[in-house]
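Reckoned from all heavy atoms, side chains included, excluding hydrogens, waters and symmetry mates. Numbers here are sequence positions counted from 1.
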Amino acid sequence: MTALKDTVAELAPMMQGTVPYDAFIVSEGASVIAGHAGETMLSLFPEGSLEGVTYARPEIWSDWQDFAALAEELKTYADALAVAAPNGLEPALPPPRDMAGMDHSAMAMTPAPQVDEGFTIAELMGYGERTQEVQVARGTSDPATLAFDLTTLAADDLFTRISATCSSCHSQYRAGRN
Ligand code: HEC
């Protein structure tokens, strides 16, 4: 889990555009996340391992399928990001142009600029403000189709989904606030 946090912390500024985007680093980082997700993550939570100091909640084992789905979802998004890293960031909106000669219907459709400051560590760990809003679509589509479509997404979009999955799992299955 600590490796996950380090990787997310390394990639976050790149996703927010505060340091130059490097597809190679993003892809490597995504592979690290994928390597800690899915089955590998589940193997860290054997039944009856609630001993000693742990923030793991007993619901992990009563809702095992849901917990396992989140671990798998993290892997799906991270695998997709490893492939989609060269897609780069969502293109910035074009700067406003002179109104003359502009098609008004196109203007009306221009979405408002998105302000996405990324997830804070608190949100990532499941106790930040955004946690309540985070909704991760689960089991809505066939995983193969989902994985295929995901690789066409912008890297920062996938990174947001990864962060949302960390946050979502922690808010449900991790107690404590560090
Ligand atoms: C399937 C659920 C799940 C997902 C997905 C998940 N985690 Fe966790 N994470 C946990 C649980 C449960 C704990 C508490 C473990 C304990 O205390 O024994 C935890 C603990 C942690 C910790 C505390 C340090 C530690 O080793 O206990 C960090 C840091 C962390 N996770 C980072 C992340 C990051 C970053 C992501 C996303 C890239 C992520 N986790 C995805 C379930 C998850």
Side-chain angles (χ1 to χ4, degrees), residues 1-16 24-85 116-151 153-178:
M1 288 286 178
T2 307
L4 291 176
K5 190 177 182 177
D6 292 347
T7 308
V8 168
E10 186 191 2
L11 299 188
M14 229 176 251
M15 297 298 171
Q16 288 150 29
F24 181 77
I25 294 177
V26 171
S27 182
E28 290 285 291
S31 302
V32 169
I33 295 173
H36 285 80
E39 289 295 324
T40 311
M41 183 177 277
L42 295 178
S43 69
L44 297 174
F45 298 97
E47 179 109 49
S49 62
L50 270 185
E51 277 163 30
V53 180
T54 176
Y55 291 108
R57 290 203 180 146
E59 285 81 4
I60 291 174
W61 298 281
S62 51
D63 304 342
W64 182 257
Q65 288 205 326
D66 182 62
F67 183 77
L70 281 166
E72 207 45 56
E73 195 171 284
L74 180 63
K75 185 167 174 359
T76 303
Y77 289 138
D79 278 338
L81 181 58
V83 175
D116 190 350
E117 289 163 355
F119 281 69
T120 63
I121 291 296
E123 285 163 351
L124 203 60
M125 295 315 293
Y127 50 83
E129 285 175 4
R130 190 148 14 162
T131 302
Q132 302 311 318
E133 296 170 34
V134 172
Q135 286 288 331
V136 185
R138 244 176 269 167
T140 46
S141 32
D142 168 45
T145 324
L146 187 67
F148 174 78
D149 291 337
L150 287 173
T151 60
L153 295 177
D156 50 336
D157 188 343
L158 286 165
F159 187 73
T160 302
R161 289 164 192 249
I162 288 172
S163 308
T165 309
C166 311
S167 177
S168 174
C169 190
H170 293 151
S171 65
Q172 283 174 262
Y173 299 110
R174 181 177 181 269
R177 306 173 52 99
N178 69 355

* Asked: Side chains of Y173 and D63: closer than 4.5 Å at any heavy-atom pair?
  -> yes
* Closest approach of R57 to S171 (non-hydrogen atoms, all atoms of both residues) -> NH1-O, 3.5 Å
* To do: Provide the closest heavy-atom pair for A84 versus A155 in the form atom of the first, atom of the second, distance.
  => O-CB, 4.5 Å
* To do: Would you please test Y77 and I33 for side-chain contact (heavy atoms from CB on, under 4.5 Å) and show each step?
  => CA-CA 9 Å; Y77 289 138; I33 295 173; over 6 Å; no
* Rounded to the nearest 0.5 Å, what separation is found between the NE2 atom of H36 and the NZ atom of K75? -> 12.5 Å
* Asked: How about E28 and V32: do any of their side-chain heavy atoms sit closer than 4.5 Å?
  -> no
* Spell out, as yes or no, whether a donor-acceptor pair under 3.5 Å connects the side chain of S27 to the backbone of F24. => no
* Is there a donor-acceptor contact under 3.5 Å from the side chain of S167 to the main chain of S163? -> no
* To do: First locate atom CG of L70, then atom CD of E73, and finally report the distance between them rounded to the nearest 0.5 Å.
  => 5.5 Å
* Structure fact -> In terms of heavy-atom contacts, A78 and A34 come closest through CB-N, 3.5 Å
* Side chains of D66 and Q172: is there a donor and an acceptor less than 3.5 Å apart? -> yes
* Asked: Closest approach of A71 and L42, non-hydrogen atoms and distance?
  -> CB-CD2, 3.8 Å
* Asked: What distance separates C166 SG from K5 NZ, expressed to the nearest 0.5 Å?
  -> 11.0 Å
* Any donor and acceptor pair, going by atom type alone, linking the side chain of T7 with main-chain N or O of G29 inside 3.5 Å? -> no
* Asked: When T151 is tested against each of D79, V83, L158, L81 for side-chain contact (heavy atoms from CB on, under 4.5 Å), which residue passes?
  -> V83
* Asked: Just how far is it from atom CG of L4 to atom OG1 of T165, taken to the nearest 0.5 Å?
  -> 11.5 Å
* Point-to-point distance, once rounded to the nearest 0.5 Å, from NE2 of H170 to CE of M1 -> 5.0 Å
* **Separation of S62 OG from F67 CZ (nearest 0.5 Å)** => 11.0 Å
* To do: Provide the closest heavy-atom pair for A56 versus W61 in the form atom of the first, atom of the second, distance.
  => CB-CH2, 4.2 Å
